[in-house]
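Per chain, numbering begins at 1; letters A, B, ... match sequence-line order.
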2 protein chains.
Amino acid sequence: MTLIASPSQTSNHKQEKILQGAMQVFFRDGYAGTSMDRVAIEAGVSKQTIYSYFHDKEGLFKALIEQITISRFQTLFDSEELTGDPEGLLRQVAEAYLLKVSDDHQYLSLLRVVIAESSRFPEMAKLYYHTVIQRGRQLLGKYFDDRPELGIQDSEATAQIFFGTLVSFVVSQELMYGKEIMPLSSQKLVDSLVYLILRNKSI
Amino acid sequence: MTLIASPSQTSNHKQEKILQGAMQVFFRDGYAGTSMDRVAIEAGVSKQTIYSYFHDKEGLFKALIEQITISRFQTLFDSEELTGDPEGLLRQVAEAYLLKVSDDHQYLSLLRVVIAESSRFPEMAKLYYHTVIQRGRQLLGKYFDDRPELGIQDSEATAQIFFGTLVSFVVSQELMYGKEIMPLSSQKLVDSLVYLILRNKSI
DNA sequence: GTCTATAATCAGATAGAC
DNA sequence: GTCTATCTGATTATAGAC
């Protein structure tokens with residue numbers, strides 16, 4: 001039932017304009033707060049054109065979120081396996097995530113909207129969970145499994161702690177304005193996180 | 001400008017009915033998805049009565065979120081100081097949080113709505129951050145500071161990791177239906193979390 | 001104070017011209 | 001295919017009766 005926008009096929013110009021405009025409005029105003037009139041204006045097309053490409057508001061929203069979730073994250077973790085020395089790898093992943101994400105309004109908005117609409121659109125939250133959270137956790141878990149010398153008690157749980165720490169930090173600092181109230185150094189967070197996970201071996 | 005509902009004063013019956021009804025609807029449908037008609041029906045009063053107590057929809061919403069945030073969390077951490085042996089304390093806090101919260105629809109909805117509306121209502125997100133996140137972190141940070149023998153590198157960062165792990169676990173398992181897709185044992189999470197933080201000393 | 005009834009506006013979705 | 005114009009119902013907020 002989800003009108004997914006023909007993944008990596010002939011890219012329709014009008015359809016892309018619509019999705020681009022829809023993203024602006026949905027990410028700013030949320031699902032219920034978005035009017036199709038505004039999407040039409042933002043996309044630079046008429047409202048009827050939107051309805052000819054997407055069945056209704058729900059269809060447009062689902063197609064948008066699906067497309068962004070999949071296109072942004074399927075390649076992020078997919079085929080590549082994590083390699084390298086533990087300290088360097090964990091630092092690099094954590095720092096790259098925090099650096100990229102803190103100024104990435106699209107990522108932050110997607111995360112906010114998926115959580116916001118998780119009750120009305122459960123499939124959307126499940127897709128995000130499957131595509132992003134579960135995949136990241138499994139990948140890092142596998143890395144831990146391959147290195148028993150690290151003394152990791154439970155690889156999946158530890159991977160969940162690792163990514164959960166990063167995501168919750170971004171949510172509290174960026175989405176909830178902790179940065180303005182009482183900034184917490186992301187460098188200190190990464191230091192402590194890597195320290196906790198690796199202090200058996202590398203320190 | 002926030003119409004806070006007279007904290008611990010003469011409790012107005014109609015006002016409480018309105019807030020109770022408003023909570024049902026706002027927590028289910030979000031801010032924009034909520035109609036004042038539905039609030040009136042759910043609260044069992046007329047719409048005009050709502051407008052006589054609260055200036056408008058925004059005022060009602062802000063008053064509601066403020067009241068719940070403050071009344072639920074001000075005493076949770078406030079005066080009491082954390083005490084006891086490290087392993088027992090960390091286990092107890094983590095298990096109590098996960099056990100209580102996983103079935104606590106009011107808590108889950110508040111968290112979801114505060115994140116969802118963080119852009120439209122920044123003051124609300126800041127209040128939540130200040131009242132819940134920052135306070136919890138400081139309290140646990142102080143506990144760590146008082147026990148240098150634990151070998152904690154950075155007490156505040158480690159406290160952030162501790163609570164961030166718990167909150168992100170609940171968000172991913174409950175709000176994003178990870179529980180249905182691939183459940184992750186909360187016991188294993190707590191074991192690994194406590195193990196990571198304390199393996200210098202207690203193991 | 002509280003209700004019923006209503007005003008004014010805006011929403012999602014469609015019809016029909018070109 | 002795409003646009004303009006429009007229909008129908010819902011929404012916020014208010015007026016006025018009791």
Phosphate contact (dC3(D) OP1 or OP2) by Thr49(A) side-chain N/O below 4.0 Å | yes
Return the value, rounded to whole Å, for the distance between atom CZ of Phe26(B) and atom P of dT12(D).
-> 9 Å
Among the nucleotides dA13(C), dC3(C), dT12(D), whichever has the atom closest to the side chain of Lys57(B) is dT12(D)
Atom CG of Asp37(A) to atom C1' of dG12(C): distance rounded to whole Å?
-> 9 Å
Chi angles and distances behind the salt bridge (charged side-chain N to carboxylate O under 4.0 Å, His left out) call for Lys62(B), Asp56(B) = CA-CA 10 Å; Lys62(B) 288 181 184 173; Asp56(B) 55 10; over 6 Å; no
Phosphate contact (dT2(C) OP1 or OP2) by Lys14(B) side-chain N/O below 4.0 Å | yes
Exercise: do Tyr97(A) and Tyr107(A) side chains pair donor with acceptor under 3.5 Å | yes
When you check the side-chain N and O atoms of Ser52(A) and Thr49(A), is any donor under 3.5 Å from an acceptor?
-> no
Rounded distance in Å - CD1 (Ile41(A)) to P (dC3(D)) | 13 Å
Parallel under 30°, tilted from 30 to 60°, perpendicular over 60°: which one fits the rings of Phe26(B) and Phe61(B)?
-> tilted
Separation of Arg38(A) atom CZ from dG12(C) atom P, in whole Å?
-> 12 Å
Just by modelled atom types, is the Thr34(A) backbone N or O under 3.5 Å from a matching donor or acceptor in the Lys57(A) side chain?
-> yes
Can a side chain N or O of Ser46(B) be found less than 4.0 Å away from OP1 or OP2 on dC3(C)?
-> yes
Which whole-number value in Å describes the distance from Leu60(A) CG to dA13(C) C1'?
-> 14 Å
Between the protein and nucleotides 16-18 of chain D, list the N/O to N/O atom pairs that are separated by less than 3.5 angstrom.
none

Would you mind reading off the distance between His13(B) atom NE2 and dG1(C) atom P, rounded to a whole angstrom?
-> 16 Å
Salt bridge flag under 4.0 Å for residues Asp85(A) and Arg147(A) | no
Separation of Asp56(B) atom CG from dT12(D) atom P, in whole Å?
-> 11 Å
Taking only side-chain nitrogens and oxygens of Tyr53(B), does any of them come within less than 4.0 Å of OP1 or OP2 of dG1(C)?
-> no
Calculate the interatomic distance between Glu58(B) atom CD and dA13(D) atom C1'; express it in whole Å.
-> 14 Å
Can a donor-acceptor pair be found between the side chains of Tyr195(A) and Asp154(B) at a distance below 3.5 Å?
-> no
